[in-house]
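Contents: one structure, followed by commentary.
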There are 2 protein chains.
Amino acid sequence: MIKGIRELAKHLDLSISTVSKALNGRFDINAETRARVLKAAADLGYVANQSGRALRDGATHTVGFMITQGLAINGDSFFLEVFEGVQQVLRQHRLDLVVLPCSSDEPEAEYLARIVTRGMVDAMILSGLKPRDSRIAHLQTAGIPFVTLGQSGLEHASVEFDFESVANTSVHHLARAGHRRIAVSLPADNLNLGRLFLAGYERGLTEAGLSIDPDLVMRTPPTVEGGSGLCGHLLSLPDRPTAVILSNEMSALGLYPALRAQGLEPGKDLAIIGFRDSAATRHLRPSLTCFSTSLTDVGRELARIILAQTGHLEDEAQELCRLWPMTMLRGESG
Amino acid sequence: MIKGIRELAKHLDLSISTVSKALNGRFDINAETRARVLKAAADLGYVANQSGRALRDGATHTVGFMITQGLAINGDSFFLEVFEGVQQVLRQHRLDLVVLPCSSDEPEAEYLARIVTRGMVDAMILSGLKPRDSRIAHLQTAGIPFVTLGQSGLEHASVEFDFESVANTSVHHLARAGHRRIAVSLPADNLNLGRLFLAGYERGLTEAGLSIDPDLVMRTPPTVEGGSGLCGHLLSLPDRPTAVILSNEMSALGLYPALRAQGLEPGKDLAIIGFRDSAATRHLRPSLTCFSTSLTDVGRELARIILAQTGHLEDEAQELCRLWPMTMLRGESG
DNA sequence: CTAGGTTTCGAAAACGTTTTCGAAAATCGC
DNA sequence: GCGATTTTCGAAAACGTTTTCGAAACCTAG
């Protein structure tokens, strides 16, 4: 194993600059010498030192993906699948992905500032944003290219699931099946998810010629317990709804057993449309009608947006907020 | 915002070296000037550039945690909890954690070699190891400190769940409840998990005065479908077992409904002990008797082992393989 | 054979940091 | 007040890489 380009050059009896240019594909190098250099580098296992490279040309060739402990949504691999896609695309452009986990005992903004000002990454992917997240302003003033996964805004690039269409499609699907009283479960906070979901829900009702009843819009924590609680809430309504649309992947896991405890059968006595297809919901019986998408593709899109901002991708002018479509998986629950 | 230590020095009308020493706590700096430098650095948001630092003193002050998409037997929440603990401890020593996801279209060894020879990290944490994983030899010859999560061997540092005790405790628990025919479900491959689990199982049987019946040792893929298949296998046995011990967290999710489809009730017609407590298994009814541990603590231990190897932690001589204990959560299933 | 053009390579600077070592300033003993 | 000692600071080198620019060597045409 060889230490630096200096040793490699000495070993080849060439100058440092010649070796560097051969490795980086510059055009003022004889094809024969280039081949000789490449072979030697491969044989001796030489790879350019990252710090030296970064220092020289001011770019780390590295994209950061910040995650926080709080948002471990459930037991399945949401992020792992996204990482896969990001890394796949970045690698084609000789960039690398580093995931940066912020521990819960450090403020997110402080952590991000440290990472960015230390110059550890050229660009950032953010997830788990809070309503008015200070991290966005920080990256903007620092001039670091970035994209967010979810919580889109007009002022920065983002990828967000198309909750509006999901809710809208759900309503139409249920209305076609004859349902007139369709409830919806939303998170209590004012995240984009809730706003978009509600908009699609109401548009669907209007388009289907159904009336909008505020009593049918429930605020539920996005947990299994939230799903259990939802059951009581639904059954207590005067004119009991015959269908419910869920906006998170955990609710169904609580709703199913809670219904059965009341002697009701999911999908039969209450139609259910869930969100999102995952390892946890996939084995519910009767199978859950829900929405699905390739998270690896989402990761690929995130990477492409970053590449477009850093100039690695010359083509298409990206729209700022990428609404990500999801497809409905018809199950037995509604 | 300020660019480099050069600007900061000029702004303070001090030399570069004085500023550097003040920031790094060297002892040949006047307390007053140090305070002045620290204040200015904080005010102007200066943080030492990572590449320059790494280049100068040959250390990146960064620990890598390699994960692979392929064998996603553990999901987001598993890793996120481990990351939390690692980052907590590393941060106290002014180190940082970077998670390095290897995409499925690149050989793991090649990816690791690239990361390491590029000098992106000072040490590595490895997970998801295969039986004779070439990554270990590579790190050893490269002289990079590392620790593995699982798949312990005598030749390198590792943290591994104490599967032997888990299986042993399970057998004793079931034997005490009167069970004589206790089955066990193991993965098909020859990972440590299977070896250790089987050893603990057989030791438990012997200690409880029960005979060892090879028919009761089943090889099942560690998936929900594996759990479903296990049901048929169990029921087809001539002298049907009254209890089963599972060695992965997904099996129970398949076994429960499969049993019910046969008209049998989990925990009543078949005692079940699961491994491991997780968000997915936590809402099974009747509740699953299973084993649990703090994954954040596991992360902390991993970090400590790394710190001991890199000399950041002067104290205790670590044993090579840290067997990690788990505690049994008594549920209604057995 | 020579002038001009093309191809191929090397010397040197720069990126930002830390540390060694020496110099200057301050303090002390007498 | 002066030499000796301690305290405080600055100049410069080094880490490994890439790129600019100039020099050398080669080739072509006349």
Side-chain angles (χ1 to χ4, degrees), chain A residues 1-38 40-41 44-62 94 96 114-122, chain B residues 1-38 40-41 44-62 94 96 114-122:
Chain A
M1 210 62 91
I2 242 173
K3 284 189 243 166
I5 199 173
R6 181 179 235 103
E7 279 193 27
L8 184 57
K10 191 167 296 179
H11 181 266
L12 283 163
D13 200 36
L14 287 173
S15 82
I16 296 180
S17 48
T18 305
V19 174
S20 174
K21 282 185 287 193
L23 290 168
N24 293 16
R26 290 265 153 279
F27 287 105
D28 57 342
I29 293 292
N30 190 316
E32 190 192 352
T33 28
R34 163 176 296 121
R36 207 159 62 91
V37 171
L38 256 47
L44 289 92
Y46 168 80
V47 181
N49 175 280
Q50 169 68 9
S51 303
R53 232 160 96 82
L55 193 54
R56 155 69 209 192
D57 53 41
T60 60
H61 311 283
T62 283
R94 321 197 77 207
D96 257 311
R114 202 180 61 204
I115 297 292
V116 165
T117 54
R118 280 214 294 183
M120 291 184 63
V121 297
D122 293 343
Chain B
M1 208 63 89
I2 241 171
K3 282 189 241 168
I5 198 174
R6 181 179 234 103
E7 279 193 26
L8 183 58
K10 191 167 295 176
H11 182 265
L12 283 162
D13 200 34
L14 287 173
S15 83
I16 296 180
S17 45
T18 304
V19 174
S20 173
K21 282 185 287 193
L23 291 168
N24 293 16
R26 287 269 155 276
F27 287 105
D28 57 342
I29 292 293
N30 190 316
E32 189 192 353
T33 25
R34 164 176 296 121
R36 207 158 62 91
V37 171
L38 255 47
L44 289 93
Y46 168 80
V47 181
N49 177 280
Q50 168 68 7
S51 304
R53 230 159 99 82
L55 193 53
R56 156 68 207 191
D57 53 38
T60 60
H61 311 282
T62 283
R94 320 195 78 207
D96 257 311
R114 201 180 62 207
I115 296 293
V116 166
T117 53
R118 280 214 294 183
M120 291 184 65
V121 296
D122 293 342

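Per chain, numbering begins at 1; letters A, B, ... match sequence-line order.
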- Message: Side-chain N or O of R26(A) versus OP1/OP2 of dT19(D): is the shortest distance under 4.0 Å?
- Response: yes
- Rounding to a whole Å, what distance do you find between R56(A):CZ and dT19(D):C1'? 4 Å
- Message: Under a plain distance cut-off of 3.5 Å, with no hydrogens placed, do T60(A) and D122(A) share a side-chain donor-acceptor pair?
- Response: yes
- Message: Counting the atoms with a prime plus P, OP1 and OP2 as sugar-phosphate, which does K3(A) contact under 4.0 Å by heavy atoms, base, sugar-phosphate, or nothing?
- Response: nothing
- Message: Output the rounded distance in Å from CZ (R118(B)) to C1' (dG16(D)).
- Response: 14 Å
- Item | Length of the NZ-P vector between K10(A) and dA11(C), whole Å | 12 Å
- Message: Measuring to OP1 and OP2 of dC9(D), would you say a side-chain N or O of T33(B) lies under 4.0 angstrom away?
- Response: yes
- Message: Would you say Y46(B) places a side-chain N or O within less than 4.0 Å of OP1 or OP2 belonging to dT17(C)?
- Response: yes
- Message: Under 4.0 Å from OP1 or OP2 of dT18(D): is there any side-chain N or O of R53(A) that close?
- Response: yes
- For the pair made of CD1 in I5(B) and P in dA11(D), what is the distance, rounded to whole Å? 14 Å
- Query: Would you say a side-chain N or O of N49(A) is under 4.0 Å from OP1 or OP2 of dT17(D)?
  - Reply: no
- Which part of the nucleic acid, if any, lies within reach of G4(B) when heavy atoms closer than 4.0 Å are counted: base, sugar-phosphate only, or nothing? sugar-phosphate
- Task: Look at all strands and tell whether D28(B) reaches a base, only sugar-phosphate, or nothing, counting heavy atoms closer than 4.0 Å.
- Result: base
- Task: Nearest whole angstrom, please: distance from the C1' of dG16(D) to the NE2 of H61(A).
- Result: 13 Å
- Message: Distance check needed: dC15(D) C1' versus L55(A) CG, whole Å only.
- Response: 9 Å
- Message: In whole Å, I'd like the distance from the CD1 atom of I29(B) to the C1' atom of dT8(D).
- Response: 7 Å
- Please check the phosphate of dG10(C) (OP1 and OP2 only) for any side-chain N or O of T18(A) closer than 4.0 Å. yes
- Note on the structure: note: N24(B), atom CG; dT19(C), atom P; distance rounded to Å ~ 6 Å
- Message: Between S20(A) and dT18(D), is there a contact of a side-chain N or O with OP1 or OP2 at under 4.0 Å?
- Response: yes
- Show the numbers, then the answer: is there a side chain to side chain contact (heavy atoms under 4.5 Å, CB included) between L38(A) and R34(A)? CA-CA 6 Å; L38(A) 256 47; R34(A) 163 176 296 121; 4.2 Å; yes
